[in-house]
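Note that the structure is a prediction, hence the values are computed from the model and not measured.
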Amino acid sequence: MACRSFLWDDLMNYVAEKKAALLDICGDASTTNRVRACQFETMVIRRCASNLVTFQVGQDSITIPAARAIGFSGTLLPHRLPTDGLYYPEDPNFPAIAFISKHRREVFAFQVHVSNHDDVTSNFTGMCAQAD
C-alpha cells in the first residue's frame with residue numbers, strides 16, 4: 001500500500017472490477033485483520049472518491065461529493081488543502097485518519113477500520129493543531 005500514489009488509477013480500477021471477490025476475501029475467516037483492513041479501507045476510499053456518499057452522524061448528515069483523489073506524504077497533515085478533493089495519506093500506517101474530504105469550505109476527516117481501535121480523536125486533534 002505504500003505505493004498507492006504511484007498505482008492509484010490501476011488500483012482503483014482493479015477494486016472496481018474485483019469488488020465482489022475482494023469482499024469475499026474480507027469475509028473469509030482465514031483472512032488476517034491486517035489484510036481485511038487494507039482491502040476494506042481501499043474500497044471505502046474508492047467509493048468515496050468516485051461516488052456521492054452521504055454519512056449519517058448523530059442527527060447530522062455529511063455528504064461527500066465525488067472528488068479527485070490526491071495523495072500526501074509525510075507523517076503530518078498537509079498545512080494547506082489547495083483544491084477540492086479527497087486527500088489520502090500515502091503512508092498506510094498514517095495515524096488517526098484514512099482520508100480527508102475537502103469541498104469548498106467543508107473539510108472532514110475519516111478513519112476506516114474493521115476491528116476495535118483506540119479512540120483516535122485526541123491524536124487527530126493534536127495533528128490538526130500542528131497543521132494550523
List the steps and the verdict of side chain to side chain contact (heavy atoms under 4.5 Å, CB included) for Thr63 and Leu52.
-> CA-CA 7 Å; Thr63 299; Leu52 178 80; 3.3 Å; yes
Taking side chain as C-beta onward, heavy atoms only, is Lys102 less than 4.5 Å from Leu86?
-> no
Mind telling me whether Phe72 and Phe94 have parallel, tilted or perpendicular rings, with 30° and 60° as the class edges?
-> perpendicular
Indicate the atoms forming the closest heavy-atom contact of Gly85 with Ala67, along with that distance.
-> CA-CB, 3.6 Å
Closest approach of Ser101 and Ile64, non-hydrogen atoms and distance?
-> OG-CG2, 3.3 Å
With a 4.5 Å heavy-atom cut-off, do Gln130 and Leu77 have their side chains touching?
-> no
Do you know the tightest heavy-atom contact between Pro89 and Ala98?
-> CD-O, 3.1 Å
Does a donor on one side chain sit under 3.5 Å from an acceptor on the other, for Thr54 and Ser61?
-> no
Supply the atom-to-atom distance Glu106 CD to Asp84 CG, rounded to the nearest 0.5 angstrom.
-> 10.0 Å
State, with a plain yes or no, whether a side-chain heavy atom of Ile45 is found less than 4.5 Å away from one of Phe110.
-> no
Would a hydrophobic clustering, with Ile, Leu, Val, Met, Phe, Trp and Tyr connected at side-chain separations under 4.5 Å, put Tyr88 with Leu76?
-> no
